[in-house]
Amino acid sequence: MSFSERPAKSYVFDPLWDQETERLATNEAIWDPGTAERFDRLGVGAGWSVLEVGAGHGGTAERLAELVGPAGQVTAADLETGRLVRLKEKGVEVLQVDITTGHLPTGQYDLVHSRMLVQHLPDRVAAVRKMVAALKPGGLLFLEDTDSLPLFRSVVSEDFLQDVRQAGYGLMRESGHEPRGGHYDLAAALECGLEDVSAEGRTVMVQGGSPQARHYQLWLEFMRPRVVGAGLLDDARIDEALAEMADPANRWLSQILISTYGRRPRGTGQP
Ligand SMILES: C[S@@+](CC[C@H](N)C(=O)[O-])C[C@H]1O[C@@H](n2cnc3c(N)ncnc32)[C@H](O)[C@@H]1O
């Protein structure tokens, strides 16, 4: 079975969960600084036209709006746009779209960026093709998705939170999340015929009790009924894991976030 034929289902998280806004904001606390460094390295600047797909809580779209300034244009697209409305007063256009079934504008953007979305989608290559079609010829695609294997590696112990990772990510995989998503982005960028394709990865060292640690606590709280319901862990073990994540004496690695870059060829029609 090729990578593009691997089965996947629907989005594992619930955009309307009452703690979803905090879960998305604390995800930004982990990853926004590194993404902003990469925007700078790519030269994103005044006058660029940019599409952010799966914009979540809007941190990256807000940063992009600062970089492109009044001469540029940022469009922030998501299934659930309630968290993005505040960005309209910064000149950001907000677009409600389901990328699996809906349409993106075509041929309009200097940069399309999407973080931690493609690895959730049933047909990853189809979604990447839509993003490529949204680029101007010569425009840049910048995808970020994870490899979750190193998550929770720590000096604390060889098996620190590994039961939690295996239970949670195992169920997420059954629900359509690809835990090696960043690798599939690279394969999709090549399959879509992009030029100058490259990729690299980064991890973040998380300290217990920090806003970054809070993200993993919220992930586990969201997964709790599913993990307990499947008989993988009990509530006592989950409470113990949450306490380990709250302890500032504990530090652990995040997932690897793989950044993939590619350029839409100039002088071609549809990719
Ligand atoms: C894991 S979150 C990542 C959010 C943000 N990109 C970040 O990295 O902080 C995935 C985001 O994609 C959105 N999303 C999920 N499925 C989608 C779809 N089919 N079309 C558009 N957006 C989708 C979710 O609503 C959520 O905001």
Side-chain angles (χ1 to χ4, degrees), residues 8-39 50-65 74-87 92-105 111-131 134 141-148 151 168-169 172-173 175-179 181-182 184-185 201-202 204 211-212 214-216 218-220 222-223 254-260:
K9 296 170 191 158
S10 58
Y11 185 51
V12 65
F13 296 110
D14 177 359
L16 302 178
W17 182 45
D18 60 1
Q19 290 177 287
E20 183 63 4
T21 298
E22 188 184 4
R23 196 189 70 81
L24 290 168
T26 52
N27 194 51
E28 291 177 349
I30 302 170
W31 301 114
D32 273 9
T35 298
E37 280 173 20
R38 283 154 182 78
F39 288 153
V50 182
L51 173 64
E52 174 73 25
V53 190
H57 182 254
T60 48
E62 190 167 0
R63 178 68 189 143
L64 286 164
V74 175
T75 303
D78 203 286
L79 264 184
E80 170 52 52
T81 52
R83 298 177 189 90
L84 301 172
V85 171
R86 72 182 195 287
L87 299 181
V92 174
E93 182 192 8
V94 175
L95 176 66
Q96 195 280 325
V97 69
D98 179 342
I99 194 172
T100 62
T101 54
H103 299 286
L104 298 175
L111 171 72
V112 174
H113 174 251
S114 185
R115 189 176 71 192
M116 295 176 157
L117 168 61
V118 175
Q119 68 189 125
H120 288 280
L121 299 175
D123 188 341
R124 290 175 277 274
V125 174
V128 173
R129 273 195 207 289
K130 284 185 191 177
M131 294 185 202
L141 181 69
F142 173 17
L143 300 175
E144 297 186 281
D145 282 295
T146 59
D147 181 337
S148 60
L151 178 60
Y169 275 84
M172 281 169 56
R173 182 171 206 168
S175 300
H177 174 267
E178 172 50 63
Y184 287 89
D185 289 350
R202 69 182 184 276
V204 172
Q212 291 88 347
R214 177 82 181 134
H215 176 73
Y216 295 101
L218 289 165
W219 165 77
L220 185 53
F222 179 78
M223 295 305 294
S254 67
Q255 314 92 306
I256 297 174
L257 190 64
I258 297 177
S259 298
T260 298

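Just so we're clear, the structure is a prediction, and the values are computed from it rather than from any experiment. Counting convention: from 1, in listed order, for ligands and their atoms alike.
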### Message
Once you measure the plane-to-plane angle for F13 and F222, does it fall in the parallel (<30°), tilted (30-60°) or perpendicular (>60°) bin?
### Response
tilted
Acceptor/donor pairs from residues 92-101 side chains to any protein atom, 3.5 angstrom cut, sequence neighbours excluded:
residue : atom : partner : partner atom : Å
E93     : OE1  : T75     : OG1          : 2.9
Q96     : NE2  : L79     : O            : 2.7
D98     : OD1  : T100    : N            : 2.9
D98     : OD1  : T100    : OG1          : 2.6
D98     : OD2  : T100    : OG1          : 3.3

### Query
Does the side chain of T35 pick up a donor-acceptor pair with the side chain of R115 at under 3.5 Å?
yes
### Summary
In chain-and-number order, ligand 1 lies under 4.0 Å from a heavy atom of each of Y11, L24, N27, E28, G54, G56, D78, L79, V97, D98, I99, T100, R115, M116, L117, H120, L121
### Validation row, ring centre F39 to ring centre H113 under 6.0 Å
yes
### Message
Using the salt bridge (charged side-chain N to carboxylate O under 4.0 Å, His left out) criterion, which residues pair with R23? Sequence neighbours excluded.
### Response
E20
### Task
Could you list the residues that satisfy ring pair (Phe, Tyr, Trp, His ring centres under 6.0 Å) with W219, not counting sequence neighbours?
Y169
